[in-house]
Visitor: 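Okay, here's the structure, questions in a sec.
Just so it is clear, the values below take in all heavy atoms, side chains as well, and ignore hydrogens, waters and symmetry mates. Keep in mind that what you see is a predicted model, and the values were worked out from it rather than measured.
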Amino acid sequence: MANTFTVNLSPAHAAERICEAVEGGSLTGELIDRYAIGEDEGGLCIVLVFEKHYYRVGNRLTLTVTIDDLAGKTRVHTVGGGGGEGLFGFDWGAADSFEQVAISALDEYRF
């Protein structure tokens, strides 16, 4: 499930908090890609892609986080995926759990 919310941090600081939570709070969570692009007016967009092995689904999951301040406030969009088994891709809630790590890392900064 995807989530979008705003925080009172810069995109760079929000990205740092999320990276610390995913990589520092897990044995298997790792940042596999980071892409950032700025605009002439000073706006910034950062895309983070994480991967983590979840034992309950016996597979690797991804978490993609997009952070931007292009509208004048910092927006964070998260979506977890992968790990599903069978025809319907049921992952026993593992993708949502992975996504929640990023959301929880920014809880105190949300408004």
Side-chain angles (χ1 to χ4, degrees):
M1 174 184 294
N3 287 284
T4 302
F5 54 93
T6 57
V7 296
N8 60 359
L9 290 172
S10 70
H13 284 113
E16 185 179 313
R17 298 275 308 173
I18 291 169
C19 287
E20 288 171 359
V22 172
E23 295 181 309
S26 165
L27 293 175
T28 63
E30 67 177 306
L31 179 67
I32 60 172
D33 192 31
R34 176 189 175 108
Y35 179 78
I37 187 167
E39 65 176 7
D40 293 338
E41 293 80 34
L44 179 63
C45 179
I46 300 171
V47 179
L48 306 170
V49 181
F50 298 94
E51 189 175 62
K52 177 181 173 92
H53 183 268
Y54 265 77
Y55 293 100
R56 75 175 131 174
V57 294
N59 209 340
R60 297 193 70 77
L61 296 154
T62 62
L63 170 64
T64 303
V65 181
T66 305
I67 308 164
D68 77 81
D69 62 357
L70 302 176
K73 57 187 173 184
T74 302
R75 290 181 296 198
V76 179
H77 180 78
T78 63
V79 62
E85 290 186 275
L87 181 61
F88 299 106
F90 191 69
D91 70 2
W92 302 97
D96 288 340
S97 293
F98 195 15
E99 193 176 343
Q100 192 59 44
V101 172
I103 294 168
S104 295
L106 300 176
D107 269 348
E108 65 185 282
Y109 306 102
R110 291 176 69 170
F111 56 94

Visitor: List the residues meeting side-chain contact (heavy atoms from CB on, under 4.5 Å) with Leu31, not counting sequence neighbours, and say none if there are none.
Guide: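 Residues passing side-chain contact (heavy atoms from CB on, under 4.5 Å) with Leu31: Cys19, Glu23, Arg34, Leu48, Phe50.
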Visitor: Could you work out, with salt bridge (Lys or Arg N to Asp or Glu O under 4.0 Å) as the rule, every residue matching Glu99, not counting sequence neighbours?
Guide: none
Visitor: Who passes side-chain contact (heavy atoms from CB on, under 4.5 Å) against Ala36, sequence neighbours left out?
Guide: Leu44, Ile46
Visitor: Which atoms form the tightest heavy-atom contact between Leu63 and Val65, and what is the distance?
Guide: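 Nearest heavy atoms, Leu63 then Val65: CG-CG2, 3.9 Å.
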Visitor: Thr74 and Pro11: which non-hydrogen atoms are nearest, and at how many Å?
Guide: OG1-CD, 3.7 Å
Visitor: Can you pull the salt bridge (Lys or Arg N to Asp or Glu O under 4.0 Å) pairs that have at least one residue in residues 36-50, sequence neighbours excluded?
Guide: none
Visitor: According to salt bridge (Lys or Arg N to Asp or Glu O under 4.0 Å), who are the partners of Asp69, at least two apart in sequence or on a separate chain?
Guide: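 With sequence neighbours excluded, Asp69 shows a salt bridge (Lys or Arg N to Asp or Glu O under 4.0 Å) to no residue whatsoever.
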Visitor: Nearest 0.5 Å, what's the CD-CD1 distance between Glu51 and Ile32?
Guide: 4.5 Å
Visitor: Could you tell me whether the side chain of Val22 reaches within less than 4.5 Å of the side chain of Phe98, counting heavy atoms only?
Guide: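 A side-chain contact exists here, since the closest heavy-atom pair is under 4.5 Å.
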Visitor: Taking only residues two or more places apart in sequence, or in another chain, which ones meet Ser10 in a side-chain hydrogen bond (donor to acceptor under 3.5 Å, both in side chains)?
Guide: His13
Visitor: Side-chain polar contacts of residues 101-111 - donor-acceptor pairs under 3.5 angstrom, sequence neighbours left out - could you list them?
Guide:
{"unit_1": "Ser104", "atom_1": "OG", "unit_2": "Gln100", "atom_2": "O", "d": "3.0"}
{"unit_1": "Ser104", "atom_1": "OG", "unit_2": "Gln100", "atom_2": "NE2", "d": "3.2"}

Visitor: Can you sort out the partners of Arg17 under side-chain hydrogen bond (donor to acceptor under 3.5 Å, both in side chains), two or more places apart, ordered by chain and number?
Guide: none
Visitor: Tell me, please, which residues at least two apart from Ala71 pass side-chain contact (heavy atoms from CB on, under 4.5 Å).
Guide: Arg75
Visitor: So, using salt bridge (Lys or Arg N to Asp or Glu O under 4.0 Å) as the criterion, who are the partners of Glu30 when residues are at least two apart?
Guide: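 Listed in chain order: Arg60.
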Visitor: Would you mind reporting whether Leu9 and Ile67 have side-chain heavy atoms less than 4.5 Å apart?
Guide: no
Visitor: Hey, what do you get for CG (Asn8) to NZ (Lys73), rounding to the nearest 0.5 Å?
Guide: 12.5 Å
